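What follows is one structure encoded as structure tokens, with my remarks underneath.
Note that this is a predicted model, so its numbers are computed, not measured. Per chain, numbering begins at 1; letters A, B, ... match sequence-line order.
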Number of protein chains: 2
Amino acid sequence: MIDVGIVEDNVKIRNLIQRYLDMQENLSCKIAVDSVEEMLEHLKEHDPPNVMLMDIQLPGMSGIEGIGIIKKEYPDIEIIMLTIYHDSHKIFDSLCAGASGYLLKHTTLPEIKNSIENLAEGGAPMSPQIARKVIEYFSAQEPQKKPVSDLTAREQDIVTGLVDGLSYKLIADRFDISIDTVRAHIRNIYKKLHVNSKAEVIAKSLRGEI
Amino acid sequence: MIDVGIVEDNVKIRNLIQRYLDMQENLSCKIAVDSVEEMLEHLKEHDPPNVMLMDIQLPGMSGIEGIGIIKKEYPDIEIIMLTIYHDSHKIFDSLCAGASGYLLKHTTLPEIKNSIENLAEGGAPMSPQIARKVIEYFSAQEPQKKPVSDLTAREQDIVTGLVDGLSYKLIADRFDISIDTVRAHIRNIYKKLHVNSKAEVIAKSLRGEI
DNA sequence: GAGCCAATCACATCTTCATGTGAATGAACA
DNA sequence: TGTTCATTCACATGAAGATGTGATTGGCTC
């Protein structure tokens with residue numbers, strides 16, 4: 001049984017969703033309020049729900065601010081935004097604040113039910129339109145540079161050691177080889193990467209350039 | 001009518017999907033090959049499909065490399081990855097390269113059909129597991145935008161120098177101070193960050209922990 | 001089987017780093 | 001006005017790193 005909470009200031013919509021969800025066999029929806037503040041009050045005295053449907057435009061604190069506060073206090077609550085807003089800023093702010101899903105308000109009741117189940121199974125429900133924006137975020141990013149490390153497996157081991165902040169001695173111990181071998185590998189790594197210090201190798205590696 | 005192409009090296013899977021899709025009223029799937037190279041050959045002489053299903057592990061060029069090449073030549077083709085890989089790197093590399101969807105191979109045929117329709121309607125089909133990773137990318141990214149570095153401005157300058165792979169001498173030159181001053185700053189930085197080597201400072205910095 | 005290369009080890013030398021100790025200046029703050 | 005702290009510099013020492021010049025082994029390839 002998945003326990004659902006709702007924060008939504010439109011009474012009609014709120015009641016409709018609550019009744020529908022609470023009617024389902026595998027869901028329970030006992031708490032539906034019209035502001036984050038009210039929900040926080042409620043949470044002080046009751047068990048937290050598993051999933052929360054949250055509007056963005058709310059009286060008092062906005063839903064996005066609410067995510068942060070609720071996730072901080074009750075990190076196990078999974079929050080799905082349910083809103084009319086589909087602009088990138090609100091979407092990304094919500095996701096960054098910790099929302100696990102984002103549905104537009106034209107979503108049908110059965111779809112909302114599916115989304116909640118989907119979430120409980122480790123998914124992340126999103127309206128298709130939202131998913132598209134999220135995906136486009138990535139292709140808008142700079143085209144990935146090709147790492148193509150010419151490094152051998154052993155050389156990459158050594159790099160890992162360097163990134164972990166180990167001295168040559170400790171790297172030698174970790175891989176059970178002599179410190180001179182470590183030195184030899186490092187010399188080859190420097191040559192291949194065209195660098196000449198540990199620092200540059202670590203920097204390159206952490207920038208994903210290896 | 002949506003025209004679909006398939007790049008998949010497993011003949012059984014490829015034929016199965018092709019036959020199923022081509023059987024649908026609103027879909028057509030005439031071209032199904034087992035490598036990106038073959039697909040590129042085909043595209044030279046035929047109209048490009050609207051949607052392409054693409055595996056990652058392929059003979060010759062990988063599917064991820066393929067995305068970039070195909071999207072560059074034929075930007076209107078929407079590419080859905082269809083693969084067994086669910087590791088973050090492959091997901092994000094694919095999306096950054098320009099994929100519009102990402103499905104895991106256990107996806108059923110009707111779900112694949114839905115995904116193609118979803119894509120045509122401006123959505124971005126993703127297996128729930130994938131959607132979750134994509135969403136988590138955001139909440140993992142932003143939250144600590146200000147890691148509250150206790151470092152002074154000068155100390156941060158020095159850190160920048162270290163990250164750039166400079167020696168103390170070069171850092172001293174860059175900021176026109178003596179090497180002993182650089183040493184002094186670095187000692188303070190080490191104390192504040194609780195580390196004791198250049199390597200750790202660089203690692204912390206590039207991980208955004210400063 | 002000659003040649004190439006990854007992986008291993010050794011020795012030597014010079015540079016750079018890490019750390020300890022100490023101190024002067026000047027701005028900020030109570 | 002005295003204290004705190006960032007910034008600057010100095011000297012010293014042992015540890016770690018960078019670089020040069022070797023060598024041996026085993027796998028792969030032409």
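- Between the CG atom of B/Asp157 and the P atom of D/dA6 there is a distance of 15 Å, given to the nearest Å.
- The distance from atom NZ of A/Lys191 to atom P of D/dT21 is 11 Å, rounded to the nearest whole Å.
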With the sugar-phosphate defined as primed atoms, P, OP1 and OP2, and the base as all remaining atoms, what B/S/- string results for nucleotides 24-30 of chain D, 5' to 3', for protein heavy atoms under 4.0 Å? -------
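- Applying the salt bridge (charged side-chain N to carboxylate O under 4.0 Å, His left out) criterion to B/Arg19, with sequence neighbours excluded, gives no partner residue.
- At least one donor-acceptor pair closer than 3.5 Å links the side chain of B/Ser62 to the backbone N or O of B/Ile64.
- Residues meeting the side chain to side chain contact (heavy atoms under 4.5 Å, CB included) test with A/Glu155, sequence neighbours left out: A/Leu151, A/Thr152, A/His185, A/Asn188, A/Ile189, A/Lys192.
- In terms of modelled atom types and a separation under 3.5 Å, the side chain of A/Ser127 and the main chain of A/Gln129 share no donor-acceptor contact.
- Residues that satisfy the side chain to side chain contact (heavy atoms under 4.5 Å, CB included) test with B/Leu170, not counting sequence neighbours, are B/Leu166, B/Ser167, B/Asp173.
- As rounded to whole Å, 15 Å separates atom P of D/dT7 from atom CD1 of B/Ile171.
- Computed from C1' positions of five pairs at each end, the angle between the two local axes of the helix from C/dG1-D/dC30 to C/dA30-D/dT1 equals 50°, rounded to 10 degrees.
- Atom CZ in B/Arg154 sits roughly 16 Å away from atom C1' in D/dC5 (whole-Å rounding).
- For C/dC5, neither phosphate oxygen OP1 nor OP2 lies less than 4.0 angstrom from any side-chain nitrogen or oxygen of A/Thr152.
- In this structure, A/Lys169 places its NZ atom where only 12 or fewer heavy-atom neighbours from other residues, nucleotides or ligands lie under 6.0 Å away.
- The distance between atom CG of B/Leu170 and atom P of C/dT15, rounded to the nearest whole Å, is 15 Å.
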Table please: side-chain donor-acceptor pairs of residues 77-87 of chain A below 3.5 Å, with sequence neighbours left out.
residue : atom : partner  : partner atom : Å
A/Glu78 : OE1  : A/Ser100 : OG           : 2.6
A/Glu78 : OE1  : B/Arg132 : NH2          : 3.2
A/Glu78 : OE2  : B/Arg132 : NH2          : 2.7
A/Thr83 : OG1  : A/Tyr85  : N            : 3.0
A/Tyr85 : OH   : A/Gln57  : OE1          : 3.3
A/Asp87 : OD2  : A/Lys90  : N            : 3.3

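- Between D/dT8 and B/His185, a contact under 4.0 Å exists linking OP1 or OP2 to a side-chain N or O.
- Atom NE2 of A/His194 and atom C1' of D/dT19 are 17 Å apart (whole Å).
- The side-chain hydrogen bond (donor to acceptor under 3.5 Å, both in side chains) test applied to A/Asp3 returns A/Ser28, not counting sequence neighbours.
- Counting heavy atoms of neighbouring residues, nucleotides and ligands inside a 6.0 Å radius, atom NE2 of B/His106 exceeds 12 of them.
- Side-chain contact, A/Ser139 with A/Glu136: no donor N or O sits under 3.5 Å from an acceptor N or O.
- Ion pair A/Arg14/A/Asp9 not flagged as a salt bridge, since none of the NZ, NE, NH1 or NH2 atoms sits closer than 4.0 Å to an Asp/Glu carboxylate oxygen.
- The side chain to side chain contact (heavy atoms under 4.5 Å, CB included) check on A/Gln18 picks up A/Ile6, A/Asn15, A/Cys29, A/Ala32, with sequence neighbours excluded.
- Among the heavy atoms of the strands lying under 4.0 Å from B/Thr181 is at least one base atom, whether or not backbone atoms are also near.
- Rounded to an integer number of Å, the gap from A/Asn188 CG to C/dC4 C1' is 14 Å.
- Separating the CD atom of B/Gln156 from the P atom of D/dA6 is a distance of 13 Å, rounded to the nearest angstrom.
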If you restrict it to nitrogen or oxygen atoms, what contacts under 3.5 Å exist between nucleotides 27-30 of chain C and the protein, and what is each distance?
none

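- Listed by chain and residue number, A/Val36, A/Glu37, A/Glu65, A/Ile69 satisfy the side chain to side chain contact (heavy atoms under 4.5 Å, CB included) test with A/Met61 (two or more places apart in sequence, or in another chain).
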Between the protein and nucleotides 17-24 of chain C, which nitrogen or oxygen pairs come in under 3.5 angstrom?
residue : atom : partner  : partner atom : Å
C/dC17  : OP1  : B/Lys198 : NZ           : 3.0
C/dC17  : OP2  : B/Tyr168 : N            : 2.9
C/dA18  : OP1  : B/Tyr190 : OH           : 3.1
C/dA18  : OP1  : B/Lys198 : N            : 2.9
C/dA18  : OP2  : B/Tyr168 : OH           : 2.0
C/dA18  : OP2  : B/Tyr190 : OH           : 2.8
C/dT21  : O4   : B/Arg187 : NH1          : 2.9
C/dT21  : O4   : B/Arg187 : NH2          : 3.4

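- Scanning for ring-ring contact (aromatic ring centres under 6.0 Å, His included) contacts around B/His46 gives B/His42, with sequence neighbours left out.
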